[in-house]
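These notes concern the structure reproduced below.
Protein chains get the first letters and strands the later ones, always in sequence-line order, with residue 1 at the start of each.
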2 protein chains.
Amino acid sequence: MQEPQVKRSTLRDVAELAGVSYQTVSRVINQHPNVARRTRERVLSAIRQLDYRPNQAAKALATGRSYILQLLMYDIRYSDPLPAMIYQAKKQGYTLLISELSPFAAPEEIRAALDDLTARMIDGLLIYTPTPFFSYTEMRDLCRGVPFVLVGAALGIKSPSVVFDQRHGCELAIQHLLDLGHCQIAEISGQPQHIDAQLRHETMVSILKAHGLTLGPSLEGDFEVPSGYATAQKLLDSGEPFTALFVANDRMALGALRAFHEHGIRVPEDVSVVGFDDMGEAAYFNPPLTTVRQDLQVLAQQSVEYLVSMIGNPSMPVQQRVLYPELIVRGSTAPLK
Amino acid sequence: MQEPQVKRSTLRDVAELAGVSYQTVSRVINQHPNVARRTRERVLSAIRQLDYRPNQAAKALATGRSYILQLLMYDIRYSDPLPAMIYQAKKQGYTLLISELSPFAAPEEIRAALDDLTARMIDGLLIYTPTPFFSYTEMRDLCRGVPFVLVGAALGIKSPSVVFDQRHGCELAIQHLLDLGHCQIAEISGQPQHIDAQLRHETMVSILKAHGLTLGPSLEGDFEVPSGYATAQKLLDSGEPFTALFVANDRMALGALRAFHEHGIRVPEDVSVVGFDDMGEAAYFNPPLTTVRQDLQVLAQQSVEYLVSMIGNPSMPVQQRVLYPELIVRGSTAPLK
DNA sequence: ATTAAGGATGTGACCATTCACAATTAACAC
DNA sequence: GTGTTAATTGTGAATGGTCACATCCTTAAT
């Protein structure tokens with residue numbers, strides 16, 4: 001039984017107990033090959049006996065590496081990739097530190113958040129914000145040489161990044177509706193500051209144009225359930241006819257489904273609805289939601305993996321890893337009657 | 001324009017530039033009162049000029065405090081209080097480090113996770129697991145004197161903790177159903193290893209007993225949407241009659257609603273459904289879900305606040321802060337016809 | 001037997017900060 | 001002008017590790 005307040009044992013304590021120098025203990029901990037078998041065993045036994053754990057703060061100070069990755073994101077509530085990121089980071093021997101920014105953070109706020117980085121000797125940065133604030137070179141300067149990866153940023157951006165091809169996902173959704181015979185397609189979009197939202201919107205407009213169609217009634221929501229509900233209601237009130245609705249994310253789609261239900265509009269008989277994201281609950285909506293799936297597991301895994309390899313090799317060339325969404329067809333879409 | 005790879009400036013660099021000793025710079029940084037006004041200004045200007053940031057690793061090493069709180073939890077996917085915790089921690093000047101455990105982690109795993117604690121000089125621990133693994137004294141020893149708070153643990157546990165009175169919440173739900181005239185109440189419970197699930201189940205049984213009623217068909221789910229769906233289906237297949245259903249969380253309730261819908265069973269006309277948690281989407285289910293709300297914001301806020309005050313005052317007496325859930329009545333419940 | 005090579009171990013300095021204490025300076029009263 | 005006190009500033013050691021280098025001891029080759 002050890003006392004709770006007992007001073008933690010150090011490298012030196014272990015060395016003394018094992019009858020070797022502190023350097024030898026250090027070698028054992030860091031798996032240095034040149035330690036005699038017998039000595040190593042003696043040291044290991046002393047470590048066990050003293051319940052010794054190397055002090056990371058001291059190690060970070062001496063080596064300049066903390067084995068901490070920092071995640072900068074704008075709204076943790078809906079961070080579905082978060083668990084996968086934590087898991088991946090751990091798997092690679094890192095711990096993830098999470099910092100939140102306000103929804104549409106000012107550059108100043110980002111700058112301030114990046115200060116932690118210097119202070120905590122962060123090894124790498126994952127930046128997961130809806131808006132790209134800085135150019136690559138600006139970002140590079142701000143990060144003071146710490147490697148970073150933009151997660152879910154704009155396609156084509158010239159920074160280390162892992163992104164979904166939003167355009168492709170959007171095409172899948174619209175093409176699906178067109179194939180079903182719909183030509184009056186309404187939209188509930190996300191905030192235009194949100195880069196993904198903007199891309200989804202633009203793609204939609206351009207595809208319809210390419211088919212000689214024009215966009216039906218279109219309103220802007222904020223990605224939350226209530227806004228989907230309110231917006232769908234306004235869409236109905238507007239009186240403009242539509243037979244299909246493209247919603248920029250599943251959460252708003254849920255709100256829209258509710259609004260339709262309350263107005264006696266049947267989905268998919270009267271209106272087909274397509275969402276975006278494929279959140280876990282989407283398959284159990286009423287009706288189950290046809291949506292565009294983004295595999296956030298892969299996003300997280302790729303982001304962390306890329307970042308860690310940048311840390312290992314700082315001169316690695318800048319790349320953008322592109323992931324492709326896929327369409328999941330469920331009960332909320334049907335052929336136009 | 002500073003070079004990206006430039007060596008970070010230190011206390012000494014600032015001191016030299018300001019023409020004072022490093023100690024004086026340290027005093028300025030830590031807002032020590034006894035520094036001459038002019039000197040302080042000179043130092044501050046040098047700090048700005050060099051873009052100096054104190055090194056947290058060094059500070060942690062010297063002071064033994066890291067200003068990091070560690071959160072140990074079992075499944076990050078459904079951690080709704082997480083954002084609030086991060087926010088609260090930041091507000092109090094701490095950063096939150098998140099470690100995940102497997103769903104029903106072995107004591108060994110917890111022990112291993114606690115090692116980070118020593119290594120990283122963690123200031124305090126938030127433990128958010130569905131099962132209490134250790135007694136207070138065991139926990140105290142494991143934490144090696146680092147203060148900890150159990151979040152959402154069992155009511156009555158003799159450890160620093162912040163909990164919801166599950167029994168009360170459950171009573172609200174059942175009483176509501178009884179008031180509506182239901183006396184054949186079915187249940188979808190959570191895993192019995194999950195302390196909350198068990199409490200909800202036990203309370204339900206005992207309340208019904210007190211009213212001279214017996215529990216209708218009851219099956220166990222795993223808190224996920226699909227299990228709610230599958231379990232509800234089995235409930236129907238069993239043929240045992242029931243007019244109301246109590247589901248141990250909203251997520252499973254969503255699955256159950258879907259199953260009922262597919263079987264042509266109307267909610268609430270044929271069956272009333274009550275959930276638990278009041279997740280954000282619950283108000284938009286079809287029908288909107290009557291449920292027991294747990295204010296996770298308050299849970300998070302209280303937990304962090306309590307932990308931080310324990311850090312400030314280690315001899316603080318052990319307490320349990322109890323929060324009370326409330327019933328939110330929506331469209332999924334109706335009087336028995 | 002002698003020597004070179006290399007494995008095993010130890011020593012001193014250093015990482016960026018704080019702490020305890022010492023030393024200097026200024027301020028004020030007598 | 002001197003002493004006393006308080007405010008301001010500086011010094012050395014410590015925190016718990018790592019790194020570069022030096023030393024010692026084997027071992028095998030000449």
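- Counting heavy atoms of neighbouring residues, nucleotides and ligands inside a 6.0 Å radius, atom CD of B/Q301 exceeds 12 of them.
- When heavy atoms are screened at a 4.0 angstrom cut-off, A/R37 is found touching no nucleic acid atom at all.
- Between the base of C/dT11 and the side chain of A/Q23 there is a donor-acceptor pair shorter than 3.5 Å.
- Side-chain contact check for A/S66 and A/Q56: no donor-acceptor pair (N or O, by modelled atom type) lies under 3.5 Å.
- Of the candidates B/P147, B/P160, B/S309, B/M316 forms a side chain to side chain contact (heavy atoms under 4.5 Å, CB included) with just one, namely B/S309.
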Step by step, work out the side chain to side chain contact (heavy atoms under 4.5 Å, CB included) result for B/V318 and B/Y136. CA-CA 10 Å; B/V318 171; B/Y136 176 50; 3.3 Å; yes
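- Residue A/R53 contributes atom CZ, which lies 17 Å from atom C1' of D/dG17 at whole-angstrom precision.
- Qualifying side-chain contact (heavy atoms from CB on, under 4.5 Å) partners for B/R12, counting only residues two or more places apart in sequence or in other chains: B/T10, B/Y22.
- At the phosphate of C/dG10, OP1 or OP2 sits under 4.0 Å from a side-chain N or O atom of A/S21.
- Side-chain contact, A/S135 with A/T137: a donor N or O sits under 3.5 Å from an acceptor N or O.
- A/L50 places its CG atom 12 Å from the P atom of D/dG17, with the value rounded to the nearest Å.
- In this structure, the CZ atom of A/R65 is 19 Å from the C1' atom of C/dA16, given to the nearest Å.
- For the contact set between residues 25-35 of chain A and DNA chain D, defined by any heavy atom under 4.0 Å, the members are A/S26, A/N30.
- Neither OP1 nor OP2 of D/dT8 sits under 4.0 Å from any side-chain N or O of B/T24.
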Hey, mind stepping through B/I68 and A/R120 against side chain to side chain contact (heavy atoms under 4.5 Å, CB included) and telling me if it holds? CA-CA 11 Å; B/I68 294 180; A/R120 288 236 147 84; 3.9 Å; yes
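- Each of B/A58 and B/A36 has a nearest nucleotide on DNA chain D; the 5'-most of these lies closest to B/A36.
- One atom, CG of A/N55, and another, C1' of D/dG16, lie 6 Å apart when rounded to the nearest Å.
- Residue A/R38 is out of contact with every strand shown, counting any heavy-atom pair closer than 4.0 Å.
- From one end of the helix from C/dA1-D/dT30 to C/dC30-D/dG1 to the other, with five pairs defining each end axis, the axis direction shifts by 50° (rounded to 10°).
- One can place CG of B/D13 at 13 Å from C1' of C/dT17, the figure rounded to the nearest angstrom.
- Salt bridge annotation for A/D51-B/R144: present, with a cationic side-chain nitrogen under 4.0 angstrom from a carboxylate oxygen.
- With respect to A/K91 and A/E305, no salt bridge is recorded, no charged nitrogen being found less than 4.0 Å from a carboxylate O.
- A/L11 places its CG atom 10 Å from the P atom of D/dG16, with the value rounded to the nearest Å.
- A straight line from CG of A/L61 to C1' of C/dT18 spans 12 Å, rounded to a whole angstrom.
- Put simply, the side chain of A/R12 and the base of D/dG17 share a donor and an acceptor less than 3.5 Å apart.
- For B/Y22, no side-chain nitrogen or oxygen approaches OP1 or OP2 of D/dA13 to under 4.0 Å.
- A/Y306 carries A/R321 over the face of its six-membered ring, with the cationic atom under 6.0 Å from the centre and within 45° of the normal.
- Between the CD atom of A/E16 and the P atom of C/dG10 there is a distance of 13 Å, given to the nearest Å.
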